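First comes the structure, then the notes that go with it.
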2 protein chains.
Amino acid sequence: MSLRITISDAAGHAGETVEIAGWLYNLRKSGKIVFPILRDGSGIMQCVALKSLLPEEVFEELKHLTQESSLIVRGKLRAEVRAPGGYELDVEGVTILQKVSETEPYPITPKDHGIEFLMDHRHLWLRSQRQHAIIRVRHEIIKAVRDYFDSHGFTLVDTPIFTPAACEGTTNLFEVNYFEDDKAYLTQSGQLYSEATAMAFGKVYCFGPTFRAEKSKTRRHLTEFWMVEPEMAFADLEEIKRVAEEMILFIVGRVLENKREELKVLERDISKLEMIQGPFIRMSYDDAVKNLQANGSEIVWGGDLGGGDETILTKQFDKPIMVDRFPTAIKAFYMQPDPEREEVALGVDVLAPEGYGEIIGGGQRIHDPDLLLRRIEEHGLPKEAFDWYLDLRKYGTVPHGGFGMGIERCVAWICGLEHIRETIAFPRLLNRLRP
Amino acid sequence: MSLRITISDAAGHAGETVEIAGWLYNLRKSGKIVFPILRDGSGIMQCVALKSLLPEEVFEELKHLTQESSLIVRGKLRAEVRAPGGYELDVEGVTILQKVSETEPYPITPKDHGIEFLMDHRHLWLRSQRQHAIIRVRHEIIKAVRDYFDSHGFTLVDTPIFTPAACEGTTNLFEVNYFEDDKAYLTQSGQLYSEATAMAFGKVYCFGPTFRAEKSKTRRHLTEFWMVEPEMAFADLEEIKRVAEEMILFIVGRVLENKREELKVLERDISKLEMIQGPFIRMSYDDAVKNLQANGSEIVWGGDLGGGDETILTKQFDKPIMVDRFPTAIKAFYMQPDPEREEVALGVDVLAPEGYGEIIGGGQRIHDPDLLLRRIEEHGLPKEAFDWYLDLRKYGTVPHGGFGMGIERCVAWICGLEHIRETIAFPRLLNRLRP
């Protein structure tokens, strides 16, 4: 029996007779020779099957094999500089596990399919090289995020998905029937809980799915998306910005180091990623508004940046922009006002270049108990629901803050994708809950 | 200004004057000297404050400081073999950020509190050394799991939380109001989706929260828990068992390597963990039933192992037990029957020693399209809901399988905890949705 290897391990076995188990990705024929292209999930390999060297029925079977049929190929690995992975396999034997029916062939073909068709066949579409590349870059980004925090003194403390009260209104919350007619709501952010764990562990992060029941059908919104949220005790706005920048540089560096092949498959302009160096552009909200007005936006001081505004800003620079000190009035109740200028809050948004816009939002949280209580009242929020949150300001309160980064938006930017729906294996949208 | 360090970094700064920001964990007094014990989330450090060396008001302030007050301490680090972390700090200056009120002191004191009181104060309870130790071991386990799969050719492909159809009955599913009167259900397992991604990537894992609306109030059940689920194309039952064993050995090794201090805080019998070596005990369901009957259980062939049965089995061995080939009739519709003996299925449960019981369940999935369709019909399941799942058997089906490991059960075992509620930061139980 030959040694079973994966295509990604071919380099260690040149000259050996091995077997590879996988699926038929493509097939070229040329008279007395066929070239089955095999995929096994770890890579793609061209095989060479000569009629003269194989039993006739094996050769004929190979010649008429259909796309995505499953098979095991045995043969000798040969270095071949022109081959994609640097190796080819000279076929000595084949076991077909399943030949896909000719009358009901694999539905995704090299021809163009509409997006709804592809989304309906997402369970199969994931087998394509482009989707492979995206999911692999996503994996690298997630690993980089975790490695960054794990190696910088942060403790992973995942926050709950089920939350009890609809603290900030139920408009964008998904409601769950809990037991005995109780209601739970799916988390929109772990931040409030992470503030508690930051007081216990100093520096923490949570990283899990979050949910927003927004009725928006844009290329930037999912109803279910993953978010990483670091939170730090004794951190001010400058420290939060420093960590956000360092983390992004770490992620981009890792992707450039380990996922260049995937970026090529995606036809990503790698030079744009290579330009991501520190320090990022730092800009106050005040200056952002002036910049936008000079560039034709109708924004007035006090309004939030729209998607169009983010595009105008980010197309001017080759690196991310950190916009800080937004009007307090448009920010969440817990955001720390600037002590020297209370109408702006110590928050920051990080906008990715090339028009991608916001990937991070964060800032300092209010640590003064009286101010926090006042803000809760001003926002008309139920004080009881925040009893535990107020406890954090009663028992050794300290300045603190953090941020959240949406993984899918980060993947879209780094991969250079137009729509967020390809950044996750099974996207959930306003009108899409399956497969 | 002195250099700000964390307690965990003290070793690099012996002899230097530094500052540490944290909370008062405890305070010992002895006339003209007070010993504030500081915690900063990274560790605990005893400080030494001499009346003769400090301004009187500073010394008095320190002397009357209350538990969990926040402060910044400046002083010189001194190696001290008797100190917990090996260092003490000779106080030269103190800034109190917030003194916790004497009339409303920190509610968790060294005296015994009831479990409901502690659970109600979970946001503060997490500051205690024991909870710290558990969360840190949990972090190490999660990191070990990911490192294991990342370094063994698995691609991370997270599966959706929102699932469309209540495939296997709605009894244990949480229902969510999606848009326009649509219903979604929170995932119980990513397996079916991971089968799709395994056909795309060969070896995959998903790792996220899962949900079970079980009305059980046991020490082993949470309504929201984290699960890692690897899935492998071209894997048979033996390969699945091999990977499960290797992963567990990897996890236990990492915890023993990096988290001994935490295990000591938990008073864990470390020798029990050191006995976790391969190969694990392998036992068929048939033999497990005979063993149990001989040991007083009332189990008969065909029944599932109860919690009591798992305890009887696992107390007999020092290492995990892999029980395989359960009766097909009590297993899920997708489980592959043994071709040589159809009344048993090619599934495996891994039981943790010391009475902990099941931490892993898995096995081979049916890859034959006709058999799978027949099983779906026999189980009275709606075929339409499984159209995409059946596609995986139509387009290049291959033998495949995997397993799921519940993180909280693994943490409970490794930490030696009696109840699962302490294994996660904010546990969700039948009767517990807050804080």
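We name chains A, B, ... by the order of the sequence lines, and we start the count at 1 in each one. The model shown is predicted, which means the values in this text are computed figures rather than measured ones.
Note that the CD1 atom of A/I161 and the CD1 atom of B/I161 stand 6.5 Å from one another [nearest 0.5 Å]. Atoms CG and CZ, from B/L97 and A/F234 in turn, are 5.5 Å apart once rounded to the nearest 0.5 Å. Here the straight-line distance linking atom CD1 of B/I135 with atom CG of A/L156 works out to 9.0 Å at 0.5 Å rounding. The OG1 atom of B/T159 sits 9.5 Å away from atom CD1 of A/I424, with the distance rounded to the nearest 0.5 Å. A distance of 5.0 Å separates CD in B/E180 from NZ in A/K215, rounded to the nearest 0.5 Å. With rounding to the nearest 0.5 angstrom, the CD atom of B/Q131 is 8.5 Å from the CZ atom of A/F201.
By number of non-hydrogen pairs under 4.5 angstrom with chain B, the leading residue of A/K394, A/K99, A/E224 is A/E224. When each of A/P399, A/A184, A/P369, A/P107 is checked for heavy-atom pairs under 4.5 Å with chain B, A/P107 comes out on top. Between chain B and the options A/E68, A/M199, A/R4, A/H367, heavy-atom pairs under 4.5 Å are most frequent for A/M199. Considering only heavy-atom pairs separated by less than 4.5 Å from chain A, the leading option among B/S8, B/S42, B/S101, B/G22 is B/G22. Interface summary for chain A: among B/R138, B/E195, B/R393, the most heavy-atom pairs under 4.5 angstrom belong to B/R393. Most heavy-atom pairs under 4.5 Å with chain A: of the set B/R122, B/E104, B/R136, this distinction falls to B/E104. Chain B forms more heavy-atom pairs under 4.5 Å with one residue of A/Q98, A/R127, A/Q67 than with any other, namely A/Q98. Counting heavy-atom pairs closer than 4.5 Å to chain B, the top residue among A/Y106, A/F179, A/W125 is A/F179. Interface remark: of the candidates A/T223, A/L392, A/T6, A/T223 forms the most heavy-atom pairs closer than 4.5 Å to chain B. Your options are B/G396, B/G202, B/G41, and the one with the most heavy-atom pairs under 4.5 Å with chain A is B/G396. Among B/A196, B/S69, B/A21, the residue with the largest count of heavy-atom pairs under 4.5 Å with chain A is B/A21. Here B/D150 is the residue among B/D182, B/D150, B/D40, B/N431 with the most heavy-atom pairs under 4.5 Å with chain A.
Contacts between A/A233 and chain B at a heavy-atom distance below 4.5 Å involve the side chain alone, from C-beta outward. Using a 4.5 Å cut-off between heavy atoms, B/D387 does not touch chain A at all. Looking at A/K143, only its side chain comes within 4.5 Å of chain B, counting heavy atoms on both sides. If you measure heavy-atom distances from B/I96 to chain A, you find no contacts under 4.5 Å at all. Only the side chain of A/I142 comes within less than 4.5 Å of a heavy atom in chain B; its backbone stays farther off. When heavy atoms are compared at a cutoff of 4.5 Å, A/Y389 does not approach chain B at all. Contact of A/R428 with chain B is made through backbone and side chain together, with heavy-atom distances under 4.5 Å. With a 4.5 Å cut-off on non-hydrogen atoms, A/T197 touches chain B through its side chain but not through its backbone. Within the 4.5 angstrom heavy-atom criterion, only side-chain atoms of A/D147, from C-beta onward, approach chain B. At a 4.5 Å heavy-atom cutoff, the contact between A/W388 and chain B is made by backbone and side-chain atoms alike. Residue A/N177 touches chain B through both its backbone and its side chain, counting heavy-atom pairs closer than 4.5 Å. Using a 4.5 Å cut-off between heavy atoms, B/F154 touches chain A through its backbone atoms (N, CA, C, O) alone. Using a 4.5 Å cut-off between heavy atoms, A/P105 contacts chain B through its backbone alone, with no side-chain atom that close. If you measure heavy-atom distances from A/P209 to chain B, the contacts under 4.5 Å come from the side chain alone. Of the two parts of A/L429, only the backbone, made up of N, CA, C and O, holds a non-hydrogen atom closer than 4.5 Å to a non-hydrogen atom of chain B. For A/D9, no part lies near chain B; criterion is any non-hydrogen pair under 4.5 Å. There is no contact between A/E140 and chain B, counting heavy-atom distances below 4.5 Å.
When all heavy atoms are compared, the tightest approach of A/L430 to B/Y178 is O-CE2, 3.9 Å. In plain terms, the two heavy atoms of B/T155 and A/H139 that are nearest each other are CA-ND1, 3.7 Å. Closest approach of A/R39 and B/A200 over heavy atoms only: NH1-O, 3.2 Å. The two residues B/T397 and A/S70 come nearest to each other via the heavy atoms O-OG, 2.8 Å. Residues B/W226 and A/G208 come closest through the heavy atom pair CH2-CA, 4.1 Å. Pairing each heavy atom of A/D158 with each of B/A425, the nearest pair is O-CB, 3.7 Å.
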Kindly indicate, with the supporting measurements, whether the criterion ring pair (Phe, Tyr, Trp, His ring centres under 6.0 Å) is fulfilled by A/F207 and B/F207.
CA-CA 11 Å; A/F207 195 168; B/F207 194 167; over 10 Å; no

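B/H121 and A/D391 are not linked by any side-chain donor-acceptor pair at a separation below 3.5 angstrom, with hydrogens and angles left out of the test.
In this structure, B/V398 and A/W23 have side chains that are in contact, with non-hydrogen atoms separated by less than 4.5 Å.
Taking the six-membered ring for Trp and the full ring otherwise, the centers of A/F174 and B/F162 sit less than 6.0 Å from each other.
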